[in-house]
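Following: one structure in C-alpha cells, then a few remarks.
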Amino acid sequence: ELRDIPVKLHTEFFKQGEAKAELTVETRIDLKGLKFRKADDRNRDTLSIVTGLFDQNGRYIKGTERTMEMQLRDQTLEAGKNSGLLVKESFDIPPGRYIVRVVVRDTEGRSMAAENEGVEIP
C-alpha cells in the first residue's frame, strides 16, 4: 500500500439473490494531500483513479479507470478540503471472497496512493 495521498476505502454489498450481489466501492480522497497548479483563477490537477476487483487468489476479475480533470475555484477547493472527493464504483458479482484495490495517481504532485480491502459475500 502507498499513502502519498490520504485515501479511505469503504466497501459494502447488497445481495440480489443467491447467485448475485452488487458490490459498491467508495473511495474518499483528501484534497489537502494534493498539489494544485494555479492557472486562470482555477486550481488545476488531474487524478487517475483505478478500482480493481480480484479473486481470493489474486486473479483480476473486473476494474474501472476514471480520469478526473479538476479546475476548481478557490471557494470550491476550500469546501472540498473539508469533505474530500468521493468516487463510487459498483460491480455485479457472484458471492465469494474478493480483494478490492484502489490506486489514485495525482498528476501535479506526482504522488500515488494504493489501498486494499478484503470482502466476503456469503
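Owing to the predicted nature of the structure, the values given are computational and were not obtained by experimental measurement.
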Trace of the side-chain contact (heavy atoms from CB on, under 4.5 Å) decision for Val7 with Thr27: CA-CA 7 Å; Val7 171; Thr27 305; 3.5 Å; yes
Flag for Thr11-Glu117: side-chain donor and acceptor within less than 3.5 Å: yes
Cluster overlap Leu53 with Ile99, hydrophobic side-chain contacts below 4.5 Å: no
Hphob cluster co-occupancy, Leu31 + Met68, side-chain heavy atoms under 4.5 angstrom: yes
For Ile93 against Lys62, the heavy-atom pair lying closest together: CG2-NZ, 4.3 Å
From CA spacing to verdict: salt bridge (charged side-chain N to carboxylate O under 4.0 Å, His left out), Lys8, Glu115: CA-CA 8 Å; Lys8 290 184 182 174; Glu115 290 283 326; over 6 Å; no
Glu69 atom CD: more than 12 heavy-atom contacts under 6.0 Å: no
Heavy-atom closest contact (Ile5 atom, Ser111 atom, distance): CG1-OG, 3.5 Å
Nearest-0.5 Å distance, CZ of residue Arg66 to OG of residue Ser48: 12.5 Å
Asp41 atom CG: more than 12 heavy-atom contacts under 6.0 Å: no
Heavy-atom check, side chain of Arg42 versus side chain of Phe36, under 4.5 Å: no
Non-hydrogen side-chain atoms of Phe54 and Arg59 separated by less than 4.5 Å: no
Test item: Lys15 side-chain N/O and Pro122 main-chain N/O as donor-acceptor pair under 3.5 Å: yes
Expected output: side-chain Asn43 to main-chain Leu72 donor-acceptor under 3.5 Å: yes
Joint hydrophobic cluster, Ile61 plus Leu23, side-chain heavy atoms closer than 4.5 Å: yes
Path from Val119 to Leu9 over hydrophobic side-chain contacts below 4.5 Å: yes
Which atom of Tyr98 lies closest to which atom of Asp55, heavy atoms considered: CD2-CA, 4.4 Å
Side chains of Leu77 and Lys81 in contact at under 4.5 Å (non-hydrogen atoms): yes
Test side-chain contact (heavy atoms from CB on, under 4.5 Å) applied to Asn116 and Val100, step by step: CA-CA 6 Å; Asn116 299 315; Val100 176; over 6 Å; no
Sidechain-backbone polar pair: Arg28 side chain, Ser83 backbone, donor-acceptor under 3.5 Å: yes
Separation of Ser90 OG from Phe13 CZ (nearest 0.5 Å): 14.0 Å
Nearest heavy-atom neighbours spanning Lys20 and Pro95: N-CD, 4.0 Å
Steps toward salt bridge (charged side-chain N to carboxylate O under 4.0 Å, His left out) verdict (Arg37, Glu108): CA-CA 7 Å; Arg37 175 178 49 86; Glu108 289 299 323; 3.2 Å; yes
Met70 with Val103, same ILVMFWY side-chain cluster at under 4.5 Å: no
Asp30 side-chain N/O to Lys32 backbone N/O, donor-acceptor pair under 3.5 Å: yes
Met112 CE to Arg110 CZ distance, which is reported to the nearest 0.5 Å: 13.5 Å
Ionic contact status for Glu26 with Lys88, cut-off 4.0 Å: yes
Non-hydrogen side-chain atoms of Leu85 and Leu47 separated by less than 4.5 Å: yes
Test side-chain contact (heavy atoms from CB on, under 4.5 Å) applied to Glu89 and Ile49, step by step: CA-CA 11 Å; Glu89 301 293 347; Ile49 303 140; 5.9 Å; no
Under-4.0 Å salt bridge between Arg3 and Glu1: yes
With Asp106, the side-chain contact (heavy atoms from CB on, under 4.5 Å) member among Thr46, Asp4, Leu34: Leu34
Carboxylate-amine/guanidinium proximity below 4.0 Å for Asp74 and Lys38: yes
